[in-house]
Student: 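One structure, pasted below without further comment.
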Amino acid sequence: MNRTNDWNDWYLFACVANLGNFTRAAERLDLPKSSVSTAISRLEKRLGLRLLERSTRHLRLTEAGNRLLQDINPLFARLDDVADHLAGLAEAPLTGTLRIAAPYEFAGLHLSPVVNGLLADYPELRVEVEVVSGITDPLSSGFDVSFVITSQPLPDSSQVMRRMYSIEQAVYAAPSLIARLGMPTHPDALHHWPLLGSATALPWHFRHQDGERYLLEAALRLQTPNAGLRQQAAVAGIGAGLLGRNYTTAAVLRGELVELLPGWRAEPLKTYALMPNRTLLPTKTRLLLQGLEQKLQEQGERSGMSAA
């Protein structure tokens with residue numbers, strides 16, 4: 001075997017294996033897809049091993065490919081960390097593409113001004129934001145950072161998770177619906193109500209001010225991660241919705257919604273930033289998170305959010 005290795009081929013293999021897709025890897029590295037494919041074939045020939053099983057729709061690591069990825073991934077991740085860190089110390093112009101996955105409300109309410117600020121400060125930087133509704137693995141999906149909003153525990157993962165903030169939640173309904181069904185005094189009464197919520201928030205967890213806990217497992221009449229849709233349905237009298245307190249302030253002041261079960265507290269919504277497991281954050285990701293943390297801290301007291 002030729003001992004003079006072209007480490008670019010090894011790096012390209014790691015990118016393809018992590019992203020699970022030749023096209024995505026080529027886009028990430030700003031290379032033609034044919035160049036990426038040729039590099040992998042060249043590496044396989046040099047090693048005398050099949051690293052990837054290819055088909056028209058699927059890409060799968062062979063046993064040898066999986067072993068190789070486990071060995072070289074930490075090495076290239078560390079090299080990426082060091083290079084990006086040194087570039088940051090040298091105050092080099094921020095270039096490349098920052099890829100972000102975020103829920104709709106988070107992107108519109110919190111992410112937008114921070115992203116606009118980065119784009120204004122760094123003319124060579126590009127940003128791609130994809131709206132998602134569930135938990136997205138940033139590594140396999142090719143994102144630098146993926147935001148998730150949930151009231152449930154996150155699954156164990158090798159990803160880096162940073163808690164950003166939390167939002168107090170409560171159950172709200174229109175006065176017309178309360179007049180028809182009566183004001184509930186305990187969460188178990190909601191079993192007989194039409195409910196509006198997100199599937200990722202099920203079941204609903206409640207804790208009374210005296211310490212009693214209650215777990216509500218019930219079917220949802222309207223199931224959507226979009227808080228705007230849930231609030232509109234609640235205002236229309238369709239059902240009782242589990243919503244963030246900061247999101248419903250205006251509707252409550254207008255008398256369109258009334259908080260149910262005031263002696264009970266629902267599990268708060270927690271927002272996390274998920275990132276590939278790297279020793280040092282890339283400069284573009286670090287600047288994004290710093291900007292968000294500063295903005296969220298400024299908004300916290302007046303919007304009902306608490307910093308993590």
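On a predicted model such as this, the values are computed, not experimentally measured, just so you know.
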Student: In this structure, which one of Val129, Leu287, Thr285 forms a side chain to side chain contact (heavy atoms under 4.5 Å, CB included) with Leu98?
Tutor: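 It is Thr285, the one option of Val129, Leu287, Thr285 that forms the side chain to side chain contact (heavy atoms under 4.5 Å, CB included) with Leu98.
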Student: According to a hydrophobic-cluster definition based on side-chain heavy atoms being under 4.5 Å apart (Ile, Leu, Val, Met, Phe, Trp, Tyr only), do Tyr214 and Trp193 belong together?
Tutor: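 Shared cluster, yes.
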Student: Starting from the C-alpha separation in whole Å, work towards a yes-or-no answer on side-chain contact (heavy atoms from CB on, under 4.5 Å) for Ile100 and Val115.
Tutor: CA-CA 10 Å; Ile100 305 166; Val115 166; 4.1 Å; yes
Student: How close do Thr97 and Lys284 get, heavy atom to heavy atom, and via which atoms?
Tutor: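 It is O-NZ, 2.7 Å.
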Student: Which heavy atom of His110 sits nearest a heavy atom of Leu292, and at what distance?
Tutor: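 Where His110 meets Leu292 most closely, the heavy atoms are O-CD2, 3.6 Å.
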Student: Is a donor on one side and an acceptor on the other found under 3.5 Å between the side chain of Ser41 and the backbone of Ser37?
Tutor: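 Confirmed, Ser41 side chain pairs with Ser37 backbone.
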Student: In terms of ring plane angle, is the pair Trp204 and Phe206 parallel, tilted or perpendicular, where the classes change at 30° and 60°?
Tutor: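 Trp204 and Phe206: perpendicular rings.
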Student: Does a donor on one side chain sit under 3.5 Å from an acceptor on the other, for His205 and Gln169?
Tutor: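 Judged by distance alone, the side chains do not pair up.
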Student: Check for me, please, whether Ile167 and Leu196 land in the same ILVMFWY cluster - side-chain distances under 4.5 Å, paths through other members count.
Tutor: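 No, because Ile167 and Leu196 fall into different hydrophobic clusters, even though each may have its own neighbours under 4.5 Å.
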Student: What is the distance from atom CG of Leu59 to atom CG of Leu52, rounded to the nearest 0.5 Å?
Tutor: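 CG of Leu52 is found 5.0 Å from CG of Leu59.
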Student: Please check if atom CZ in Arg221 has more than 12 non-hydrogen atoms from other residues, nucleotides or ligands closer than 6.0 Å.
Tutor: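 Atom CZ in Arg221 is not crowded, with 12 or fewer foreign heavy atoms closer than 6.0 Å.
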Student: Under 4.5 Å between any side-chain heavy atoms of Val148 and Leu274, yes or no?
Tutor: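 SC-SC contact between Val148 and Leu274 confirmed.
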Student: Evaluate the ring planes of Phe106 and Phe147, with Trp represented by its six-membered ring, and classify them as parallel (under 30°), tilted (30 to 60°) or perpendicular (over 60°).
Tutor: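 Tilted: the ring planes of Phe106 and Phe147 meet at 30° to 60°.
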Student: Under the salt bridge (charged side-chain N to carboxylate O under 4.0 Å, His left out) criterion, do Glu267 and Arg207 qualify, and how do the steps go?
Tutor: CA-CA 8 Å; Glu267 190 73 16; Arg207 184 177 63 183; over 6 Å; no
Student: Any link between Trp264 and Met183 through a network of hydrophobic side chains (Ile, Leu, Val, Met, Phe, Trp, Tyr) touching at under 4.5 Å?
Tutor: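 Yes; tracing contacts between hydrophobic side chains, which count when under 4.5 Å, links both residues.
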Student: Looking only at heavy atoms, what is the nearest atom pair of Val171 and Ala240, with distance?
Tutor: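 For Val171 versus Ala240, the nearest heavy atoms are CG1-CB, 3.8 Å.
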Student: Tell me the closest heavy-atom pair linking Gly65 and Phe13, and the distance in Å.
Tutor: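 Between these two residues, the closest heavy atoms are O-CZ, 3.4 Å.
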Student: Is it the case that one hydrophobic cluster holds both Tyr172 and Ile238, taking links as side-chain heavy atoms less than 4.5 Å apart, direct or via other members?
Tutor: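 No, it is not one cluster - the side chains of Tyr172 and Ile238 are not joined through contacts under 4.5 Å.
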Student: Does Val235 share a hydrophobic cluster with Leu242, counting links as ILVMFWY side-chain heavy atoms below 4.5 Å and allowing steps through other members?
Tutor: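 They do not share one cluster, since no chain of ILVMFWY contacts under 4.5 Å joins Val235 to Leu242.
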